[in-house]
Amino acid sequence: MGAPDPSRLSLNTATVRKQWKLAQILDGCARHGIRGVAPWRDQVQEFGLDQTARLAKTHGLTVTGLCRGGFFTGKNWLEDNRRAIAEAHVLGAQCLVLVVGGLLFESKNLVRAREVVRESLQEILPEARQAGVPLAIEPLHPMQAAERACINTLEQALDLCDALDPGGSRGAPALGVAVDAYHVWWDPKLEAQIQRAGSRILAYHICDWLVPTRDLLNDRGMMGDGVIDLPRIRCWVEAAGYAGFHEVEIFSELDWWRKNPDDVLATCKQRHRECS
Ligand code: ZN
């Protein structure tokens, strides 16, 4: 396994969102020589869409994804996803990341929730295609099936891609996947499904799984501090043909959100090089 290409590092802005505003994060990426960035929509809204696009361009940053659209099982999903697609278009984002949503309100019907996700994707996909914004379904760890995403494996996500965007398997997909090592590392079918995904891999997210994990949402670890075999997963992803960015995405209430953000970025660079 060779070392990762340092120029492939991207920063998901959630990683230092507690310490810095978006403009400071973009400046920080430039200062640390990080070439990619994936902002969250609330931060973009606060700073301004055009301002964000302009500052990213000034710094020569690639927008590796916009976080996030989806939540198809909630209220107002259609308007919200239309706005998200338009924003991703203005930012020139390589994809719009979709966290698809969990159970419907006061429902235990997971089967129905998954149908709703499929129907909603089918409805929104032509608009995304028209805007030139690829949609990336992000399967989330099953611990988040109820509240955040009822698509929990790469296989489920790819079945949806093949059904709704059959031409996309031959390259330039309108519908693909975001492979987040944190969410899928445990999957016994991971290697086979990454291979299957091929050009549908629109984004690759990294961090680490801490033992023990103290919070289901906001206790992600820095690469190298947990138990995910990140170099192995990266090799699978690269073998599938993915040559894009490696996006560090760490939600860490107890640790990294409390540190000096310049130190966090320096550590991201070092651990990307040594542990990813
Ligand atoms: Zn992710």
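Start at 1 and go down the list; that is how both ligands and their atoms are numbered.
- Here the angle at the Zn ion (ligand 1) defined by OE2 in Glu138 and ND1 in His205 stands at 110°, rounded to 10 degrees.
- Taking 4.5 Å as the limit, every side-chain heavy atom of Val184 sits out of range of all side-chain heavy atoms of Ile233.
- Between Phe72 and Trp77, the ring-plane angle classifies as perpendicular under the 30° and 60° cut-offs.
- The atom name of the N/O/S atom in Glu249 closest to the Zn ion (ligand 1) is OE1.
- Shortest distance from the Zn ion (ligand 1) to Asp180 is reached at OD2 (N/O/S atoms only).
- No side-chain heavy atom of Tyr242 sits less than 4.5 Å from a side-chain heavy atom of Val179.
- Using a 30° and 60° split on the angle between ring planes, Trp40 and Phe251 fall in the perpendicular class, above 60°.
- Among the atoms of His183, no N, O or S atom is found under 2.8 Å from the Zn ion (ligand 1).
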